[in-house]
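Only one structure is covered here, and it is reproduced in the block below.
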There are 2 protein chains.
Amino acid sequence: MLEIRRLKTSAPDFCAQLDALLDRAPETGAEVVRAVDAIIADVRARGDAALLELTNRYDRRSVGHAAELEIPRRACQAAWDGLDASLRDALEQACARIRAYAEYQKLQDFEFTDAFGNRLGQRVTALERVGIYVPGGKAAYPSSVLMNAIPARVAGVDEIIMAVPAPGGELNSAVLAAAHLAGVDRVFSIGGAQAIAALAYGTQTVPAVDKIVGPGNAYVAAAKRAVFGRVGIDAIAGPSEIVVISDGNSDPDWMAMDLFSQAEHGEDSEAILISPDAEFLDRVAQSMQARVRGLVRADIVAASIRERGALIHVRDLDEACAVANRIAPEHLELAVDDPRALLPKIRHAGAIFLGRHTPEAFGDYCAGPNHVLPTSRAARFSNPLGVYEFQKRSSLIECTPEGARPLAAIAGRIADAEGLQAHAQSARDRS
Amino acid sequence: MLEIRRLKTSAPDFCAQLDALLDRAPETGAEVVRAVDAIIADVRARGDAALLELTNRYDRRSVGHAAELEIPRRACQAAWDGLDASLRDALEQACARIRAYAEYQKLQDFEFTDAFGNRLGQRVTALERVGIYVPGGKAAYPSSVLMNAIPARVAGVDEIIMAVPAPGGELNSAVLAAAHLAGVDRVFSIGGAQAIAALAYGTQTVPAVDKIVGPGNAYVAAAKRAVFGRVGIDAIAGPSEIVVISDGNSDPDWMAMDLFSQAEHGEDSEAILISPDAEFLDRVAQSMQARVRGLVRADIVAASIRERGALIHVRDLDEACAVANRIAPEHLELAVDDPRALLPKIRHAGAIFLGRHTPEAFGDYCAGPNHVLPTSRAARFSNPLGVYEFQKRSSLIECTPEGARPLAAIAGRIADAEGLQAHAQSARDRS
């Protein structure tokens, strides 16, 4: 029997109840931070020796030489060749769709001329080398490899380095196959904070990268926070989330399974359905009770729904949008007849799935947009992973001798006010 | 007498010498982190009471009520009205130019239809509320207010909150005037880690924001790192840097003052000139000895040049570009006849100043591009501050009943391989 939380916006304490449900921005324990700081310092100081020692300890391995941590490209090719043909075909189709979408995301140069004849602009270049972290063990997903590597490749990154731990020496062959498909350049079977440290600072074997992307556990997240600034990072990933808004005319069975598709990720996943139709919410709850029975991961789903699930009754769809904006979810389904009418009312969501025939699961695998999305309300301020995360901009300024004069006057005057004499003189040298 | 470091790429240990000069990514001491963590916890727990106490302690103030920490809008207006007319005019011209450039940076929506009739796209929305941190004291610059606030305004941010400390109760009137000009909505005279904590978590008086931008000291930087994830942040700002590449035909006096314009920022600023002409480097060194004498900040300049300055002799301009890329400087001047010929060889730089009539100081104030730029080699992976930092993207996916079927097959197959049964079922419900 699933425990399903029911909330309604008409309750006087609704906002407090909702906030209590949402209040779980990833907070890292002090012990994790201390352990991670020590690991990073060790890898910085001792390089390969530390990386090897930590990998053998935490991943229960007995690797003799750091060079053996690298997975040869032929192993990825062999993993690809060994995949079931139907899976190869599905991954190839997903890859093509992810790439097609990513092409639209490329940043553009611009240039223009000001009134004085000076040229101003922006030039876009790709990062040189990026690191992709892929979790090992039970959450080792080939789809994550595609979602992280393809935008980097489209951006024009020179070299993509993948880190994936091999607990007990075990590697997921579908993950290696996906690395082959996506064009990852080098793969290392390393994980945890030691992998992040190796990627950020480099060791004798692992080259230092310019940016590290990809999800991971609390140690990986803490390590990414620690190396931020030395390298770029994408985001601190939190548990997965879905919010579904339905008008009440959706198939309750579809709604139940859409909620479960997030809930099955883990016990801290969040799955929320919002509707103005209370009877519909009842029917979805009934379907959830029925459909959970057939699931292999029923225990995880039950825990997730109990801890982080909710069916929320609202006055109308406008209020549903307001509640969704407050949640700022990673994924938002608009299961209504006219989703385009609701869209302008949605301000904060990582990905928006419009209409009843667009389940969130399409976005996880093959719709095209990235499945790495802002979590824990970060959709208020951050972006899906995309090509733009692997590009950067340089500003361009080019003055003519004549065009420099008016700028020298403006810059000189403000520099005077700021007491920066050399700035003022450097500007006025050109007047 | 200035101490000026001379390096040449032909020396066998050049790379080691250069790396030693550059190796100063901001590292935060453990005591700073502990102090900042305590301050953040205090402000989260006690809100206004903690903010008031910490402000009175660290800024040597005696404010009785948190509400008094807010600077009324009429005070900013009065500061503007009280400015010298020539400074008002210069700031207005700078503002117009910064805004004109920022307009080019707005992110764009896109949408397209796939082969199955599904719609895929990206929608751009502005952040709701952002916080701008402006350092107080000697480094309180009106230009920083413009550079941080104008892109946010252009992005369409609903509310801009500025935090600027008032050490000893002193506020820089040009900073308040700039806040008026740039359209900042609310100003609080708070600073340090307590200001960052207040902006990230909100207090009874200070509203919580979605993103915090702007430079600050080690405590501010550590606090931004700590709250990253709860809110967005721009970057961890390091000391200012300039690299100048000259062919040897530049005016040595201009070169000297361009280097000084970075060096005067602080003793940890970095100023490097690269040229294939050794005699030209001698002449610049002579000019530096002469021109430093007239500077009010001669002591800071001398310390900066001694610790972080260098004149680097290279074989040719190609090698100059390679050295510049290795440095990945915040600012790069190409003081040559044909800067466009060198541009394709430059991969990493925050802002590029083309030609002899484009001193870096123009970029600090009025050229148009932002003066908040990646430092400490972050130009390898990050961007100038811009409108795009105040916008965010949501992915859009809208399937037709027919278009959903092929996606259901692909998603179902990959979900099977990942052992995510509810994902597979949710997808196949639509087939």
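Numbered from 1 within each chain, the chains take letters A, B, ... in sequence-line order. Being a predicted model, the structure only gives us computed values, none of them experimental. Just so it is clear, the values below take in all heavy atoms, side chains as well, and ignore hydrogens, waters and symmetry mates.
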Separation of A:Ser382 OG from B:Lys211 NZ (nearest 0.5 Å): 8.5 Å
Donor-acceptor pair, side chain of A:Arg413 and main chain of B:Arg88, under 3.5 angstrom: no
Among the listed options B:Arg129, B:Arg340, B:Arg405, B:Arg291, the residue most often paired with chain A at heavy-atom distances under 4.5 Å: B:Arg340
Where B:Arg347 and A:Asp158 come nearest, the two heavy atoms and their spacing: NH2-OD1, 3.0 Å
Max heavy-atom pair count under 4.5 Å with chain A, selected residue of B:Ala408, B:Gly363, B:Gly412: B:Ala408
Part of A:Phe110 within contact of chain B (heavy atom distance under 4.5 Å): side chain
Heavy-atom proximity to chain B below 4.5 Å, by part of A:Ala226: backbone
Geometric class of the A:His423/B:Tyr365 ring pair [parallel <30°, tilted 30-60°, perpendicular >60°]: perpendicular
Portion of A:Pro374 that has a non-hydrogen atom of chain B nearer than 4.5 angstrom: neither
Parallel, tilted or perpendicular: rings of B:Tyr101 and A:Phe112 (30°, 60°): tilted
Side chain A:Thr358, main chain B:Glu398, donor-acceptor under 3.5 Å: no
CD-CZ distance between B:Gln421 and A:Phe260, expressed to the nearest 0.5 angstrom: 11.0 Å
Proximal component of A:Arg97, with respect to chain B [non-hydrogen, under 4.5 Å]: side chain
Exercise: identify the closest heavy-atom pair between B:Phe362 and A:Ala411: CD1-CB, 4.3 Å
B:Arg380 side chain reached by A:Val231 side chain, heavy atoms, under 4.5 Å: no
Cation over ring face, A:Arg393 and B:Tyr388, 6.0 Å, 45°: yes
B:Arg356 backbone acceptor or donor facing A:Arg430 side chain under 3.5 Å: yes
Minimum-distance pair of heavy atoms, taken over all atoms of B:Leu396 and A:Pro369: O-CG, 4.2 Å
Side chain / backbone / both / neither for A:His348 at chain B, heavy atoms under 4.5 Å: both
Winner by heavy-atom pair count (cut-off under 4.5 Å) against chain A, out of B:Asp114, B:Asp416, B:Asn118: B:Asp114
Residue selection (most heavy-atom pairs with chain B, distance under 4.5 Å) from A:Leu87, A:Leu332, A:Val301: A:Leu87
Check: B:Arg225 main-chain N/O paired with A:Arg225 side-chain donor or acceptor under 3.5 Å: yes
Closest contact, heavy atoms only, A:Trp254 versus B:Asp429: CZ2-O, 3.2 Å
Per-residue contact mode, A:Ile233 against chain B (heavy atom under 4.5 angstrom): side chain
Choice from A:Ala256, A:Gly350, A:Gly355 maximising heavy atom contacts with chain B below 4.5 Å: A:Gly350
Residue among A:Cys366, A:Ala424, A:Gly294, A:Ala174 with most heavy-atom pairs under 4.5 Å to chain B: A:Cys366
Partner chain A: residue of B:Ala427, B:Ala378, B:Gly386 with the largest heavy-atom pair count (under 4.5 Å): B:Ala427
Region of A:Asp253 that comes under 4.5 Å of a non-hydrogen atom in chain B: backbone
Atom group of A:Asp364 that falls short of 4.5 Å from chain B, counting heavy atoms: side chain
Within-4.5 Å side-chain heavy-atom neighbours: B:Arg119 and A:Leu354: no
Any donor-acceptor pair under 3.5 Å from B:Arg377 side chain to A:Arg230 backbone: no
Exercise: identify the closest heavy-atom pair between A:Ala349 and B:Ser394: O-OG, 2.5 Å
Under 4.5 Å from a heavy atom of chain B, the part of A:Leu107 involved: side chain
Rounded distance [0.5 Å steps], CD1 in B:Ile397 versus CD in A:Glu360: 8.0 Å
Chain A interface, residue from B:Pro359, B:Gly403, B:Ala417 that has the most non-hydrogen pairs under 4.5 Å: B:Pro359
Residue selection (most heavy-atom pairs with chain B, distance under 4.5 Å) from A:Ala404, A:Ala100, A:Ala94: A:Ala404
Contacting moiety of A:Glu92, where chain B heavy atoms sit under 4.5 Å: neither
Note, B:Gln391 side chain near A:Asn383 side chain (heavy atom, < 4.5 Å): no
Contact class of A:Leu343 relative to chain B, heavy atoms under 4.5 angstrom: both
Among A:Leu127, A:Ile346, A:Leu420, residue most engaged with chain B (heavy-atom pairs, under 4.5 Å): A:Leu420
Selection from A:Asp251, A:Thr400, A:Asp84 maximising heavy-atom pairs under 4.5 Å formed with chain B: A:Asp84
Straight-line distance of A:Gln93 CD to B:Ile410 CD1, nearest 0.5 Å: 4.0 Å
Portion of A:Ala415 that has a non-hydrogen atom of chain B nearer than 4.5 angstrom: both
Beyond-backbone contact of A:Tyr104 with B:Leu120, side-chain heavy atoms, under 4.5 angstrom: no
Distance in Å, B:Glu333 CD paired with A:Ser426 OG, rounded so as to fall on 0.5 Å steps: 6.5 Å
From A:Gln122 atom CD to B:Gln105 atom CD, the distance as rounded to the nearest 0.5 Å: 5.5 Å
Structural part of A:Ala409 lying under 4.5 Å from a heavy atom of chain B: neither
Backbone N/O of B:Ser143 and side chain of A:Glu418: donor-acceptor pair under 3.5 Å: yes
Pairs of heavy atoms under 4.5 Å with chain A: top-ranked of B:Gln425, B:Gln108, B:Glu128, B:Glu389: B:Glu128
